[in-house]
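From a predicted model like this one, the values you see are computed outputs, not experimental measurements. In this chain, residues are counted from 1 in sequence order.
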Amino acid sequence: MNAPDKTPAVTQADAVVDWLTNGTHDQRFIDNIFAEMCIRLQEAGIPLKRSTLHVRIQHPQWLGARFMWSDGMREAEIGRVDFDVMGRSEYIGSPANEMFDGATEVRENLERDPSLGRKHALYDEMRAKGLTDYVAWPLYHTLGKRHLITFSTDRRGGFDDAHVAALKKVLPVLALVSEIRIKNRLARTLLETYVGAHAGELILAGATRRGTGTTVRAAIMICDLRDFTKISDNWPRDDVIDLLNDYFDAMSEPIARHGGEILKFIGDGLLAIFPLSQPNACANLLRAVTEARQAMTALNERNKGTGRAPLNYGIGVHVGDVMYGNIGSTSRLDFTVIGPAVNMASRLETLTKQIGKPVLLSRDFAELVTPEFELERVGQHTVRGFSEPIELFAFHG
């Protein structure tokens with residue numbers, strides 16, 4: 001007995017499945033794969049007009065991302081999804097809301113009387129664009145993780161059964177392909193979040209062996225919050241966390257903006273470097289300090305309105321060769337910098353309390369800075385751990 005012939009759409013979908021399986025190995029980004037898949041589905045005879053892919057991600061700022069493709073686009077449009085989206089009208093009652101509540105399919109006939117269908121602004125927008133049919137399905141990843149994909153058409157009568165069957169045929173392979181890319185992106189994001197962008201790239205490239213590293217000449221900046229023990233003992237826990245986050249935002253964002261790399265947060269302090277391989281690294285460090293001090297002034301003004309005392313801090317800056325790489329135990333490593341230059345920056349930060357200047361620079365660093373920055377000479381001072389007194393400069397930003 002002969003097997004029944006496949007419908008043309010399902011047969012053509014086989015080519016899309018084959019491409020997803022065998023033709024995407026060299027493609028790193030899921031948004032590019034997604035856009036090309038939509039184009040190939042069109043070429044297979046499926047009247048696809050619009051498609052979206054919604055994924056949840058582990059990121060300190062975003063709950064997820066949305067990739068949107070529509071007819072004529074060569075690349076997908078990427079949007080970020082805030083953590084608070086679930087309380088907003090754009091989510092409540094939406095297909096995503098239904099899907100993440102457990103639905104296995106959302107299908108809406110957009111040609112029928114709107115009063116008979118689902119009520120949500122999304123459906124009204126699609127009708128206004130001339131779309132006639134909408135379908136959404138979960139995209140299953142391992143360990144029960146669910147994402148969401150949607151397809152829409154402007155074909156009169158909507159998708160027929162063969163179109164739906166063809167689209168469903170693509171989903172399991174797309175799930176595998178997307179999970180690999182999303183987890184690759186997740187690994188990169190987590191490394192960027194916890195060790196910094198540059199260190200993350202090195203780790204992903206294979207720099208994971210204990211004791212390996214390289215010597216880097218860099219400007220080193222160490223910052224510490226004053227009286228944090230007193231604050232943490234007397235303030236409610238959540239207030240302390242909010243305070244630390246605001247303080248680190250004020251300090252960190254200018255550092256990143258000017259090309260510095262924050263290697264670690266140490267309690268209420270941070271360690272950052274500006275490699276001298278970058279043009280104007282020392283000047284950029286001082287520009288970052290200037291903006292950070294302005295941000296701290298603004299933060300203290302806001303805190304004054306809630307009765308909080310102003311936050312004080314000290315910053316020590318030095319320049320020199322550091323060992324940049326993996327240090328730690330056999331099973332737990334830290335990608336950081338060590339060396340006398342780091343120790344010097346730390347000692348200078350400590351001296352800011354004694355000298356009464358919030359930002360102290362070593363002479364070695366000061367000599368590398370252009371005259372556009374006005375520095376105050378504060379004399380020679382003994383630095384713990386170093387045999388000779390060190391000439392220091394204050395920077396007022």
Side-chain angles (χ1 to χ4, degrees), residues 191-192 194-224 251-252 254-266 269-292 314-328 333-352 359-373 375 377 380-381 383-395 397:
L191 284 170
E192 289 172 354
Y194 288 99
V195 303
H198 185 251
E201 288 290 341
L202 292 175
I203 292 168
L204 286 173
T208 56
R209 184 179 175 186
R210 184 170 65 153
T212 59
T214 186
T215 298
V216 175
R217 188 160 180 79
I220 304 114
M221 170 183 170
I222 292 181
C223 179
D224 192 58
M251 288 291 172
S252 302
I255 292 171
R257 191 158 50 243
H258 288 283
E261 180 173 4
I262 297 171
L263 295 179
K264 62 172 61 181
F265 295 102
I266 315 161
L270 65 82
L271 165 63
I273 63 170
F274 288 71
L276 296 196
S277 58
Q278 300 175 4
N280 305 313
C282 293
N284 284 337
L285 186 152
L286 291 187
R287 293 186 184 103
V289 169
T290 299
E291 291 181 15
I315 297 174
V317 178
H318 185 48
V319 66
D321 292 336
V322 295
M323 187 279 190
Y324 183 47
N326 286 298
I327 299 156
L333 297 176
D334 189 11
F335 206 97
T336 188
V337 290
I338 60 170
V342 180
N343 299 337
M344 174 63 77
S346 177
R347 301 291 187 266
L348 297 189
E349 182 280 314
T350 302
L351 274 175
T352 60
V359 183
L360 285 179
L361 320 173
S362 69
R363 180 181 183 85
D364 288 347
F365 177 89
E367 288 177 341
L368 297 177
V369 177
T370 61
E372 69 177 286
F373 297 98
L375 306 181
R377 191 186 304 269
Q380 293 192 339
H381 292 264
V383 178
R384 183 168 60 86
F386 294 85
S387 57
E388 299 294 330
I390 305 297
E391 187 170 14
L392 303 180
F393 296 79
F395 176 62

Distance in Å, Glu261 CD paired with Ile255 CD1, rounded so as to fall on 0.5 Å steps: 11.0 Å

Nearest heavy-atom neighbours spanning Ala288 and Phe274: CB-CZ, 4.1 Å

Heavy-atom closest contact (Ser362 atom, Leu392 atom, distance): CA-CD2, 4.3 Å

Residue pair Phe373, Cys282: steps toward the side-chain contact (heavy atoms from CB on, under 4.5 Å) verdict: CA-CA 11 Å; Phe373 297 98; Cys282 293; over 6 Å; no

Atom pair CD (Glu349) and CD1 (Ile222), whose distance is rounded to the nearest 0.5 Å: 7.5 Å

Candidate pair Thr336 and Val342, rule side-chain contact (heavy atoms from CB on, under 4.5 Å), full reasoning: CA-CA 10 Å; Thr336 188; Val342 180; over 6 Å; no

Value rounded to 0.5 Å, distance of CG in Leu361 from NE2 in His318: 11.5 Å

Of Arg377, His381, Gln380, the residue whose pairing with Glu391 passes side chain to side chain donor-acceptor pair (under 3.5 Å): Arg377

Gap between atom CE of Met251 and atom CZ of Phe265 - 0.5 Å precision: 11.5 Å

Heavy atoms from other residues, nucleotides or ligands near CD of Glu372 exceed 12 (cutoff 6.0 Å): yes

Nearest atoms (heavy-atom pairs only) where Val359 meets Thr352: N-CG2, 4.4 Å

Gap between atom OG1 of Thr214 and atom CG of Asp321 - 0.5 Å precision: 10.0 Å

Step-by-step side-chain contact (heavy atoms from CB on, under 4.5 Å) determination, Val337 to Val216: CA-CA 9 Å; Val337 290; Val216 175; over 6 Å; no

Main-chain N/O of Leu286 paired to Thr290 side chain as donor or acceptor, under 3.5 Å: yes

Passing candidate, side-chain contact (heavy atoms from CB on, under 4.5 Å) with Ile220, options Leu348, Val322, Asn343, Leu285: Val322

Closest non-hydrogen atom pair between Pro275 and Ala281, with its separation: O-CB, 3.3 Å

Presence of salt bridge, Glu291 and Arg287, under 4.0 angstrom: no

Nearest heavy atoms of Phe386 and Pro340, plus distance in Å: CZ-O, 3.6 Å

Nearest heavy-atom neighbours spanning Arg347 and Arg384: NE-O, 3.0 Å

Between CG on residue Asp224 and OG1 on residue Thr350, distance to nearest 0.5 Å: 7.5 Å

Audit row: Ile390, Arg363, side-chain contact (heavy atoms from CB on, under 4.5 Å) steps and yes/no: CA-CA 7 Å; Ile390 305 297; Arg363 180 181 183 85; 5.6 Å; no

